Amino acid sequence: MIGVLAAPAVGGAESPSVLLQKGIYAEETEGNLDAAIQILAYVDWETGDVAIRDLNTGLNRRLTNKGSWASAEFGLFPLISPDGKEVAYCWWNRDAAFDLRWMSVEEAKPRVLNDRRLAWCQPDDWSADGRQLVAQIVDEQTAGTALVVLTPEQGGMRTVKVLPVSEYSTVRSSPDGRFLVYARPSMEEPDKDLFLLNVADGTERPLIQHPADEAVLGWTRDGGILLFSSDRRGSTDAWAVQVHNGKTNGEPYLVKTDLGEVYPIGFTRDRRFFYGISRRGGGIARARIDWETGKVIAPPVRLPLRSGQAVGNFSVSPDSRGVVFLAGSPPRWSLRCFNLETRRERELASLAGYQTIERPQWLSDGRTITLWGHRLNGSLDFSLLDTITGQMTAIIRGDPDRAAQWWHRAGIESGRVTYVRWDAGQSSFFVIQRDLPSGTEQRRLLRKEADPYARYSFFVNAKEKTVDFVRLPPSPSEGDPGLYARFVLKTGKTAELLKLPCSFQRRAYFNDPSALALGDPTRIAVVASERKSTTVKLLDFTEGQASVRWTVPLPNHATVGDWVSGGRDLWIVRPGPAAKSPPELWLLSAQSGELRKTELEMPGVQRGDPGSAACASNGELFFRVEERGIQEVWVMENAGRVATAQ
């Protein structure tokens, strides 16, 4: 039910906010609202469709109809026109790229506005008459984020400014379409100022400069007031400034204190400002249990991360003193580190321009992290990051081979990094050893591969100077079994340690043998994931022949982790017994295949993702969590008031 709105405030230093509606949709409060007619555009995350909701009647309607999540397509950032008749949005298409799309709400027939493949796009704002659309796009040719202006009904796209990818921010159009305003860093300072861009000639100049961090919220319909957020008082507050002909008129003034992190939606004609709040949390939790008895020693507690961004893949340091994690989303990643002893967090590197980044991995020296990532154009990078000095060393930069294999592993020993690289020209995998001080490399043939669809996983042990690898054929075949083998750098020879029965091969993946082998090279755990089930098989092998010690079926979406308790058990995250009950931690005995339930419940854990949890060397368990809460739409009364005498 829509709440009763308060009367506009007159004078005073702060404008009240009134709750308009709770729980209007399932996931992100992203979208925008023409508050005069109260229509909200949003993404229905039950299906990934773009939808609208009439806040007066409470009725929802899907504008796209992709069906279930059997289709990987989905919408993002729907933006409804001021008259509520058109919607622009971003769409992840079946070709694994983004489209900028537009449709009439009445006809609901989408039209693609971009004329080239996009690695990212986001519609930002409409002009007041609904004829001009402002959007941001990232493609494979542009070295940055292009601010573009479109006229959806007539077609055509014009780039007015290209910003570095790392300087992404919300963009708002002046109601007459003459200017764009956005936040970006000034000079070398990380905090952002507001800048004004002339759409006609592309000239840019600062609008609000302050040592604090600013962000754009919205422009009143008549263009007289610009609302923005700033932390200049130590908290994130809403401020406003009068604007005339692209220039400020007077000093900014405080509108509302303690605004917090919000999603700007838009202004009504009577200068009320609508915004969304997603009251949920996410991050990384830590817990400690007795691996022998399964009793909880310390219940899950979330790390006090302050990045304010979505938390992605993470890894725990070998000494159990730090956690590195990816924050943000493509193409603007940030690699951050949380010190578990000092409880301080810092940014290690800005990783802008990447579409995907593999889970960061610590090397045995305890200070170096490996980073594998695909850039927006599909090229592969591999770098080493020194967590003490912050120095980034590029090992592979811009490899154009889109077929480059994932799940490479690297090792470093005595100033030499060892890794595996695919050479498409020779259809072969090579082991590369690079001396870091001199940059010289040695290259040895690891294995030729005639089948381009064969699947590989590599595990480098730089100290022992070996490379273990698993090869799986594209599909089960009696004449082409899977293979687990070891390459010895000293001799240049490969020993085939284990041939895998073909019944184990479909959609199988392997965790790191150094963790799964129980210290005994004659025992390997295989996790086979089918469409509706998961099984774990423990294989004993001698002289290249495998025998099954036990086979244990698991529920769908179960997560199989590493060995714990000295290699006696595998930890497994299983779905709870009821639909809404939290996932549970179980242990799987290597000796008997017996499953034992522990006392630990893991609310919010990302089920089915082996990278969502990790066991530290001190026995603590870390896991990534997402807490879904209430999504709310609020209205800020009289947000566009003119400042009274102070």
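In this text, all values refer to a predicted model and were calculated from it rather than measured experimentally. The residues of the chain are indexed from 1 along the displayed sequence. Note: hydrogens, waters and symmetry copies are ignored here, and every other heavy atom, side chains too, is used.
Between atom CE of residue M103 and atom CD of residue E106 there is a gap of 13.0 Å, rounded to the nearest 0.5 Å. Of the inter-residue distances, the one linking M157 atom CE with L113 atom CG reads 6.5 Å to the nearest 0.5 angstrom. To the nearest 0.5 Å, atom CH2 of residue W333 and atom CG of residue L326 are 6.0 Å apart. In this structure, the separation between SG on C121 and CH2 on W91 is 12.0 Å, given to the nearest 0.5 Å. Rounding to the nearest 0.5 Å gives a distance of 15.0 Å between CZ of F228 and CZ of R172. The OH atom of Y89 lies 8.0 Å from the CG atom of L63; values are rounded to the nearest 0.5 Å.
Judged as a ring-ring contact (aromatic ring centres under 6.0 Å, His included), and not counting sequence neighbours, F179 has no contacts. Scanning for side chain to side chain donor-acceptor pair (under 3.5 Å) contacts around S230 gives E214, R232, with sequence neighbours left out. Partners of F98 by ring-ring contact (aromatic ring centres under 6.0 Å, His included), not counting sequence neighbours, listed by chain and number: W92, W120. Remark: D115 pairs with no residue by the side chain to side chain donor-acceptor pair (under 3.5 Å) rule, at least two apart or across chains. With sequence neighbours excluded, no residue satisfies side chain to side chain donor-acceptor pair (under 3.5 Å) with S315. The side-chain contact (heavy atoms from CB on, under 4.5 Å) search around N245 returns R178, not counting sequence neighbours. For V199, the side-chain contact (heavy atoms from CB on, under 4.5 Å) partners at least two apart in sequence or on another chain are V149, R158, V160, L180. The side chain to side chain donor-acceptor pair (under 3.5 Å) search around D201 returns T203, not counting sequence neighbours. In terms of the salt bridge (Lys or Arg N to Asp or Glu O under 4.0 Å) criterion, R111 has no residue partners (sequence neighbours excluded). With sequence neighbours left out, R346 forms a salt bridge (Lys or Arg N to Asp or Glu O under 4.0 Å) with no residue at all. Under the salt bridge (Lys or Arg N to Asp or Glu O under 4.0 Å) criterion, R271 pairs with D222, sequence neighbours left out. Taking the salt bridge (Lys or Arg N to Asp or Glu O under 4.0 Å) definition, one finds that D49 meets it with nothing, sequence neighbours left out.
L133 places a side-chain heavy atom less than 4.5 Å from the side chain of P123. Within the 4.5 Å cutoff, no side-chain heavy atoms of M636 are placed close to those of R272. For the pair I208 and P252, the minimum side-chain heavy-atom distance is below 4.5 Å. L118 places none of its side-chain heavy atoms less than 4.5 Å from the side chain of V138. Looking only at side-chain heavy atoms (C-beta outward), W239 and R233 come within less than 4.5 Å of each other. With a 4.5 Å cut-off on side-chain heavy atoms, L197 and V181 do not count as touching. Side-chain atoms of L385 and L335, non-hydrogen and from C-beta on, do get closer than 4.5 Å to each other. Using a 4.5 Å heavy-atom cutoff, the side chains of L163 and L147 are in contact.
With 3.5 Å as the limit, one finds a donor-acceptor pair spanning the side chains of Q136 and D124. Side chain to side chain, S334 and E347 meet the donor-acceptor criterion of an N or O pair below 3.5 Å. At a cut-off of 3.5 Å, with distance as the only test, no side-chain donor of W126 or Q132 sits close to an acceptor on the other residue.
Applying side chain to side chain contact (heavy atoms under 4.5 Å, CB included) to L217 and the options T170, L226, L259, V255 leaves one that passes, L259. Residue C90 forms a side chain to side chain contact (heavy atoms under 4.5 Å, CB included) with just one option from V50, L76, I137, and that option is L76.
No more than 12 heavy-atom neighbours from other residues, nucleotides or ligands sit within 6.0 angstrom of CZ on R131.
Here the side chain of K66 pairs a donor or acceptor atom with the backbone of T47 at under 3.5 angstrom. Of the possible donor and acceptor atoms, none in the side chain of S127 sits under 3.5 Å from a partner among the backbone N and O of G177. D99 places no side-chain N or O within donor-acceptor distance of the main-chain N or O of R101, the cut-off being under 3.5 Å. The main-chain N or O of H244 is never found under 3.5 Å from a side-chain atom of N249 such that the two would form a donor-acceptor pair.
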Q) Checking side chain to side chain contact (heavy atoms under 4.5 Å, CB included) for the pair L305/F338: CA distance, chi angles, key distance, verdict? A) CA-CA 7 Å; L305 305 181; F338 182 82; 3.8 Å; yes
R205/F195 under side chain to side chain contact (heavy atoms under 4.5 Å, CB included): CA gap, chis, key distance, verdict: CA-CA 6 Å; R205 60 181 179 82; F195 286 80; over 6 Å; no
- prompt: For V105 and I52, what are the C-alpha separation, side-chain angles and deciding distance, and is it a side chain to side chain contact (heavy atoms under 4.5 Å, CB included)?
  reply: CA-CA 9 Å; V105 170; I52 57 174; 3.7 Å; yes
Quiz item: Can you list the steps and then say if V87 with W102 is a side chain to side chain contact (heavy atoms under 4.5 Å, CB included)?
Solution: CA-CA 6 Å; V87 173; W102 168 91; over 6 Å; no
- Could you check R94 against E73 for salt bridge (Lys or Arg N to Asp or Glu O under 4.0 Å), going step by step and ending with a plain yes or no? CA-CA 6 Å; R94 65 185 62 185; E73 297 181 86; 3.8 Å; yes
Checklist entry - Could you walk me through whether K192 and D213 pass the salt bridge (Lys or Arg N to Asp or Glu O under 4.0 Å) check? => result CA-CA 5 Å; K192 295 181 179 180; D213 195 39; over 6 Å; no
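Taking the ring axis of F314 as reference, the NZ or CZ atom of R624 does not stay both within 45° of it and closer than 6.0 Å to the ring centre.
Nearest heavy atoms, D125 versus S173: OD2-N, 2.9 Å. Minimum heavy-atom separation, D258 to D237: N-OD1, 2.7 Å. Closest non-hydrogen pair, A238 versus L254, comes out as O-CD1, 3.6 Å. Nearest heavy-atom pair across I369 and P360 is CG2-CB, 3.7 Å. Of all heavy-atom pairs spanning L194 and A183, the tightest one is CD2-CB, 3.8 Å. Looking at every heavy atom in both residues, G250 comes nearest to V241 through O-CG2, 3.7 Å.
With salt bridges taken as basic N to acidic carboxylate O contacts below 4.0 Å, one links R336 and E345. Between E204 and R184, at least one side-chain N (NZ, or NE/NH1/NH2) sits under 4.0 Å from a carboxylate O, which counts as a salt bridge. Comment: D44 engages R62 in a salt bridge, judged by a side-chain N to carboxylate O separation of less than 4.0 angstrom.
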